[in-house]
Colleague: 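Here you go, one structure.
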Amino acid sequence: MNSETAVPDRVPLPTSPTGHFAMRFSSTPRGARLARRLAGQRLDAWGIPYDCDTHHALTLIVAELAANAVRHGRVPGRDFHLSLACDTTTVRIEVTDTRTEGVPVVATPADLGDTGRGLLLVEHLADRWDWHPRPDGPGKTVWAEYVLPAGGRPVAAPSRPSFTADPRTTYRTETAGRQIDATVTLDP
């Protein structure tokens with residue numbers, strides 16, 4: 001096994017989650033859009049309001065992982081699974097698809113064309129992310145963890161990477177002095 005095909009260690013879910021949401025969605029753009037919308041509603045119900053940077057970052061992570069499951073993990077007739085777990089300090093997002101070939105790889109700046117920025121955004125928005133083989137059948141699970149700022153409650157100006165979300169198409173993130181601009185089309 002080399003580093004591209006080595007099976008990563010599985011990281012457990014947050015201990016004693018205060019909130020959990022799980023649902024299967026059709027492996028279509030409509031399913032990915034519904035996953036993003038329902039995740040946004042669940043985050044708001046858990047006290048992460050729509051109008052804060054934390055909510056925007058988390059829904060963008062869900063949108064990117066769901067879009068990747070539809071685009072790269074789709075097997076005709078099979079769904080993808082979204083799971084959210086939230087405890088007092090961390091939100092964990094897991095998206096499981098049924099395609100076994102191909103492992104998630106972050107694009108390098110030289111690889112960037114019109115597509116391929118999804119995992120790059122996830123890498124810069126999430127505190128941790130990785131993947132592991134699906135334990136109960138064919139496929140893989142891609143997960144991301146986001147540590148909530150200020151003792152678990154979102155604040156207006158979080159002390160994490162700045163993130164500006166425009167519901168139309170342009171997203172920008174800055175991390176450690178690096179700025180990434182990406183054009184992402186999110187259906188309303």
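The residues of the chain are indexed from 1 along the displayed sequence.
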Colleague: Has the side chain of Asp127 got a donor or acceptor atom that lies under 3.5 Å from a matching backbone atom of Val147?
Modeller: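 Between the backbone of Val147 and the side chain of Asp127 there is a qualifying donor-acceptor contact (under 3.5 Å).
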
Colleague: Please check this pair: side chain of His81 against backbone of Val95, looking for a donor-acceptor N/O pair closer than 3.5 Å.
Modeller: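 Absent.
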
Colleague: Is there a side-chain contact between Leu148 and Ile48 (heavy atoms, below 4.5 Å)?
Modeller: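 Leu148 vs Ile48: side chains touch.
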
Colleague: Which atom names give the shortest non-hydrogen contact between Pro104 and Leu119, and what distance separates them?
Modeller: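 Scanning both residues, the minimum pair turns out to be CB-CD1, 3.6 Å.
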
Colleague: Using 0.5 Å steps for rounding, measure from the CG atom of Leu43 to the CG atom of Leu84.
Modeller: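 Going from the CG atom of Leu43 to the CG atom of Leu84 covers 6.0 Å.
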
Colleague: Is there a side-chain contact between Trp129 and Glu145, using heavy atoms and a 4.5 Å cut-off?
Modeller: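 The answer is no, as the side chains (C-beta and beyond) never meet within the 4.5 Å cut-off.
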
Colleague: Can you find a pair of side-chain heavy atoms, one from Phe25 and one from Asp79, that are under 4.5 Å apart?
Modeller: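 Result no, sub-4.5 Å side-chain heavy-atom pair not found.
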
Colleague: Listing request: all salt bridge (Lys or Arg N to Asp or Glu O under 4.0 Å) pairs with a residue in residues 99-108, at least two apart in sequence or in separate chains.
Modeller: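 Every pair satisfying salt bridge (Lys or Arg N to Asp or Glu O under 4.0 Å) with a residue in residues 99-108: Arg99-Glu101.
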
Colleague: Do the non-hydrogen side-chain atoms of Ser83 and Arg92 ever get within less than 4.5 Å of each other?
Modeller: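 Ser83 vs Arg92: side chains apart.
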
Colleague: In Å, rounded to the nearest 0.5 Å, how long is the span from CG of Leu58 to CH2 of Trp46?
Modeller: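 Nearest 0.5 Å value for the CG-CH2 distance: 10.0 Å.
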
Colleague: To the nearest 0.5 angstrom, please state how far the CG atom of Leu34 sits from the OG1 atom of Thr28.
Modeller: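 So the gap between those two atoms works out to 9.0 Å.
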
Colleague: Under 4.0 Å between a Lys/Arg side-chain N and an Asp/Glu carboxylate O for Asp130 and Arg128?
Modeller: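 Salt bridge between Asp130 and Arg128, a charged N being under 4.0 Å from a carboxylate O: no.
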
Colleague: Find the distance between CG (Leu60) and CZ (Arg36) and round it off to the nearest 0.5 Å.
Modeller: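 With rounding to 0.5 Å, CG (Leu60) is 9.5 Å from CZ (Arg36).
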
Colleague: Drop me the distance from Asn68's CG to Glu64's CD, to the nearest 0.5 angstrom.
Modeller: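 The CD atom of Glu64 is 6.5 Å from CG of Asn68, to the nearest 0.5 Å.
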
Colleague: For residues Leu38 and Met23, determine if any side-chain heavy atom of one lies less than 4.5 Å from a side-chain heavy atom of the other.
Modeller: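 The answer is yes, as the side chains (C-beta and beyond) meet within the 4.5 Å cut-off.
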
Colleague: Would you say Ile93 and Leu82 make side-chain contact, with heavy atoms under 4.5 Å?
Modeller: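 Touching, per the 4.5 Å side-chain cut-off.
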
Colleague: Report yes if some heavy atom in the side chain of Phe80 is under 4.5 Å from a heavy atom in the side chain of Val70; otherwise report no.
Modeller: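 Yes; the side chains approach each other to less than 4.5 Å.
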
Colleague: I would like to know whether His56 and Tyr50 meet side chain to side chain contact (heavy atoms under 4.5 Å, CB included); could you show each step before the answer?
Modeller: CA-CA 7 Å; His56 294 306; Tyr50 285 105; over 6 Å; no

Colleague: Between Ser27 and Arg78 (side chain of the first, backbone of the second, donor and acceptor by atom type, cut-off under 3.5 Å), is there such a pair?
Modeller: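 The answer is yes, because a donor-acceptor pair under 3.5 Å joins these two groups.
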
Colleague: Compare every heavy atom of Ala35 with every heavy atom of Val62, then report the nearest pair and how far apart it is.
Modeller: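 In terms of heavy atoms, the two residues are closest at CG1-O, 4.0 Å.
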
Colleague: Please round to the nearest 0.5 Å and tell me the distance separating atom CG of Asp97 and atom CH2 of Trp131.
Modeller: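 Output value for this atom pair is 10.5 Å.
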
Colleague: Should Ile61 and Tyr146 count as side-chain neighbours, where that means a heavy-atom distance under 4.5 Å?
Modeller: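 SC-SC contact between Ile61 and Tyr146 confirmed.
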
Colleague: Provide the closest heavy-atom pair for Ala67 versus Ala32 in the form atom of the first, atom of the second, distance.
Modeller: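 Minimum heavy-atom separation between Ala67 and Ala32: N-CB, 4.2 Å.
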
